[in-house]
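Scroll down for the structure; my scribbles are underneath it.
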Amino acid sequence: MSHARLLPVLTWRLELFTHTVPVPFAVYFSAVTGSLYSLEEYLSMGVAATIAATAMLLGAFYLRYIRLKKASYLEDRSSVDPNLLSSAKSIYITQPIYESFVIAGRWFFGVLLAHLIVYLIVGYRPNLIATIPALYLGIIPISFISYLFITEYSVRPALSKNKFREVEAKTRLFFPYSKRLLVVVMAMISMPFSLLGYMLYATVDGRIRLENPLLHLTIMAFLFSVPLIFTAWIVTEAIRSRLSSVTGFLEEVGEGNFGLKISPSSLDEFGKQEQRIGKVVERLRGLYEEIQSLNEGLESKVEERTKQLKETADELGKSLEEIQKLKLSQDGDYFLTSLLTEPLHSIQLQDSEYSFRSLTVQKKKFNYKQKDRQIGGDISLAHSIRLRGKPYIAFVNADAMGKSLQGAVGAIILGSISRSMIERTPALYRNVWPERWLKNWFIELQKVFEAFDGSLMASAFLGLLDESRGVLYYINCEHPSPVLYRDETTMFLEPKEKYFKIGHSGIGRNVHIEVFQLRSGDVLFSGSDGRDDLLIQSEIDPDDARFLEIVGRAKGDLDLTYELILKEGEITDDLSLLRIEAPKKSLISTDVLLKDSNPEKKNEIQKTISVQECRRLALEYSSGKKYTKAGELGLKYVQRRPTDTEFLFTVSKLLRKSGKIVLSIDLGERYRMRNPIDSDNLLHLAEMYASKSRLERSFQLLAEATAITPEHPRAKKLSEFLIEKTGQISESSEDRRILR
């Protein structure tokens, strides 16, 4: 790296670290603990910090420029005097130590300068002056060690030039890694110890007052974490890059290139190691030349070597037979695993007008007893079920973590749990709402995978399709977004909430169910990440927009989509595609059948109105406080249009006012599974559960609501009611006070 390029790169890296981490931290710390309360005082601190930081930057840049310019000059003049190259290398190799001491000096004088400027503007502030030692102990060590490693990392490309490998630096400086790591540890300890210790002391002593200590602790924790994480990373990266450099040199020597020369490129153990390796290579070069000169008794040595090779070949033949036996045994395990997995990849629909097709290409393929098989973590299945007397299709497209056997085990577990859930539906879940069924399915999968402590996870697209109305209920667990092909255009079906993989410990129980209305002729493609991770021109190019364009070119055809993927590049992972096509008929109900139950009429009159008219009438009756009629109309509307999530909540409130509490709770719970963070609905449910004396459930929902909206006006009233309720034994099974 040339001087002209090294100077801006080094300056940018060093000053970016200083002015984005320590400088804002120092300003914030001084302002908080220095008894500055007015806007004028805060502005004076900002002005002082800006002036001091600018002076520190310009001074350091000038010193860096002079040093590197001198090194560049000596390097250029080395063609005339070779000794100058050694002097140039000395400057480069000592630049990290030089920058470390410069930054320490910069902070020493910069802090004094900033406090002096504040003194000149707002006067003497003893509490502000008292922060100076804490700033020195907290910032100078971390800046010293960070500058050392950043500079070494930046200067190393300049020292890697071949001409610098052949010369020794004229310096005796040596900074061993044991002392470096000691400074790193001391810096990481001193920063939080000194600054937080001072804040604690000043707070207890009454020097400062913090109106919102939690806010300041949060800010300080964040500001601490950035330099500490960065320092840990730069130390690790420095060790890794040095090991990589030495390894690369040894690889060249291992390939027979004994003409290489190497000399120390740093003032630590790695530099000494390079020096010793250089001496070893010189010895090897001499031995190699000596071996080439030895030709006496060559024929006998060849015969002896041939005999040894023959013995080695016999041993290798025996080892090969053992390896073949092991491979046959492994293929047998693969074969049995594939037999277990194959029945789970199934599509079993009963008299459905929807078309479901799947395609699975696992990366691991093998041959066992003249049978070609494959195993992997991808799985797709779809089965017909009935909920509340209506037909639904439960389906999943998933990708279990891991290759070969590990992925196949994950697919077997996921498929087995899914099949069990489907088969238990007629006995246990046939009367639940679709949102509840889908949530229960997700929770069962999550509980089992979570037991593996992160060693087994799966991305998945879980779906439940209402065949009669074309409504899709789904959850996306870190799976590639499905592609919708509609009217010869393609788009991603992006969820509002995308969860981690199944089995991730961070997934909670408040599941967000997404709802989408399919139209006539819609085609939905769900696929694993094998559809995106293609090997193109010797590089893996993960581009999800490519699959969107492929589905459009294939016009929603599954086989053509797969062919176009193969033309784009080589598939590098397991690939599974699940295609869902809606029938050509209309899927959205447009009318509702009503009965006029006026007792004055002898016969009931039936009439049909539009769905939207039904919604309008429900709101109109609600305005007139005819809640019973409004609730009936609203219920008929959401039965025809279950995708209207917001009106689902409205109908739940109407049913509550008409006295149909159980049905109101059902609709409120459905709305909660679609929008779990609506505090109004949570309190609405909590009040109804309280009226039914289900106090534990009511307390739980109240806690969730107050966590979202702490100052909600209804929360306090409900809390007081629940406390009163738990303190006495009610004789009635239902308390109406909370329903008013």
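- Scanning all heavy atoms of the two residues, the minimum distance from Ser380 to Ser576 falls at OG-CB, 4.0 Å.
- Put simply, the residue from Arg697, Arg694, Lys717, Arg714 that forms a salt bridge (charged side-chain N to carboxylate O under 4.0 Å, His left out) with Glu687 is Arg714.
- Atom CG of Leu344 has more than 12 neighbouring heavy atoms from other residues, nucleotides or ligands inside a 6.0 Å radius.
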- Task: In sequence, state the C-alpha distance, the side-chain angles, and the governing distance for Phe525 and Leu558, and then conclude on side chain to side chain contact (heavy atoms under 4.5 Å, CB included).
- Result: CA-CA 9 Å; Phe525 274 88; Leu558 178 62; 3.8 Å; yes

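- Across every non-hydrogen atom of Gln517 and Gly470, the tightest pair is NE2-O, 3.4 Å.
- Between the CG atom in Leu349 and the OH atom in Tyr354 there is a gap of 11.5 Å [rounded to 0.5 Å].
- Crowding of Lys555 atom NZ: a count of heavy atoms from other residues, nucleotides or ligands under 6.0 Å not exceeding 12.
- In this model, a donor atom of one side chain and an acceptor atom of the other lie less than 3.5 Å apart for Ser468 and Asp466.
- Interatomic distance, Met491 CE to Arg486 CZ, rounded to the nearest 0.5 Å: 7.0 Å.
- With salt bridges taken as basic N to acidic carboxylate O contacts below 4.0 Å, none links Glu632 and Lys636.
- Salt-bridge formation is not detected for the pair Glu669/Lys439: no Lys NZ or Arg NE/NH1/NH2 atom is positioned less than 4.0 Å from an Asp or Glu carboxylate oxygen.
- Shown here is Phe492, whose CZ atom has more than 12 heavy atoms of other residues, nucleotides or ligands within 6.0 Å.
- Looking at Leu685, Thr645, Val651 one by one, the single match for side chain to side chain contact (heavy atoms under 4.5 Å, CB included) with Tyr671 turns out to be Thr645.
- Geometric assessment of Lys653 against the ring of Phe649 yields a positive cation-pi assignment under the 6.0 Å and 45° thresholds.
- Heavy-atom contacts from other residues, nucleotides or ligands closer than 6.0 Å to CZ of Arg519 number 12 or fewer.
- To the nearest 0.5 Å, atom CZ of residue Arg553 and atom CG of residue Leu564 are 5.0 Å apart.
- Counting heavy atoms from C-beta on, the side chains of Arg430 and Arg386 never come closer than 4.5 Å.
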- Task: Decide yes or no on side chain to side chain contact (heavy atoms under 4.5 Å, CB included) for Gln446 and Cys477, but give the supporting numbers first.
- Result: CA-CA 10 Å; Gln446 173 65 15; Cys477 303; over 6 Å; no

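- Each of Leu472, Ile393, Ile385 was compared with Leu464 under the side chain to side chain contact (heavy atoms under 4.5 Å, CB included) criterion, and only Ile385 meets it.
- A salt bridge is defined here as a Lys NZ or Arg NE, NH1 or NH2 lying under 4.0 Å from an Asp or Glu carboxylate O, and Glu613 with Arg616 meets this definition.
- Atom CH2 of Trp437 is separated from atom OH of Tyr392 by 11.5 Å, given to the nearest 0.5 angstrom.
- Using a 4.5 Å heavy-atom threshold, the side chains of Lys692 and Met688 count as separate.
- Salt bridge annotation for Arg357-Asp559: present, with a cationic side-chain nitrogen under 4.0 angstrom from a carboxylate oxygen.
- Under the side chain to side chain donor-acceptor pair (under 3.5 Å) criterion, Ser652 pairs with Ser664, His684, not counting sequence neighbours.
- We find the CG-CD distance between Leu701 and Glu696 to be 11.0 Å, quoted to the nearest 0.5 Å.
- Sorted by first then second residue, the side-chain hydrogen bond (donor to acceptor under 3.5 Å, both in side chains) pairs that include residues 487-496, not counting sequence neighbours, are Ser481-Glu494.
- By the 4.5 Å heavy-atom criterion applied to side chains, Asp522 and Leu524 are not counted as neighbours.
- Applying the ring pair (Phe, Tyr, Trp, His ring centres under 6.0 Å) test to every pair with at least one member in residues 686-719, sequence neighbours left out, gives no pairs at all.
- Residues passing the side chain to side chain donor-acceptor pair (under 3.5 Å) test with Glu444 are Arg424, Tyr429, sequence neighbours excluded.
- In terms of heavy atoms, Gly407 sits closest to Ala400 at O-CB, 3.4 Å.
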- Item | Stepwise side chain to side chain contact (heavy atoms under 4.5 Å, CB included) test for Ile565 and Phe547 | CA-CA 8 Å; Ile565 291 175; Phe547 182 71; 4.0 Å; yes

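- Applying the side-chain contact (heavy atoms from CB on, under 4.5 Å) rule to Asp644 yields the partners Arg615, Tyr637, Glu646, Phe647; only residues at least two apart in sequence or on another chain are considered.
- If you take CG on Asn397 and OG1 on Thr360, they are separated by 7.5 Å, rounding to the nearest 0.5 Å.
- With sequence neighbours left out, Lys363 forms a side chain to side chain donor-acceptor pair (under 3.5 Å) with no residue at all.
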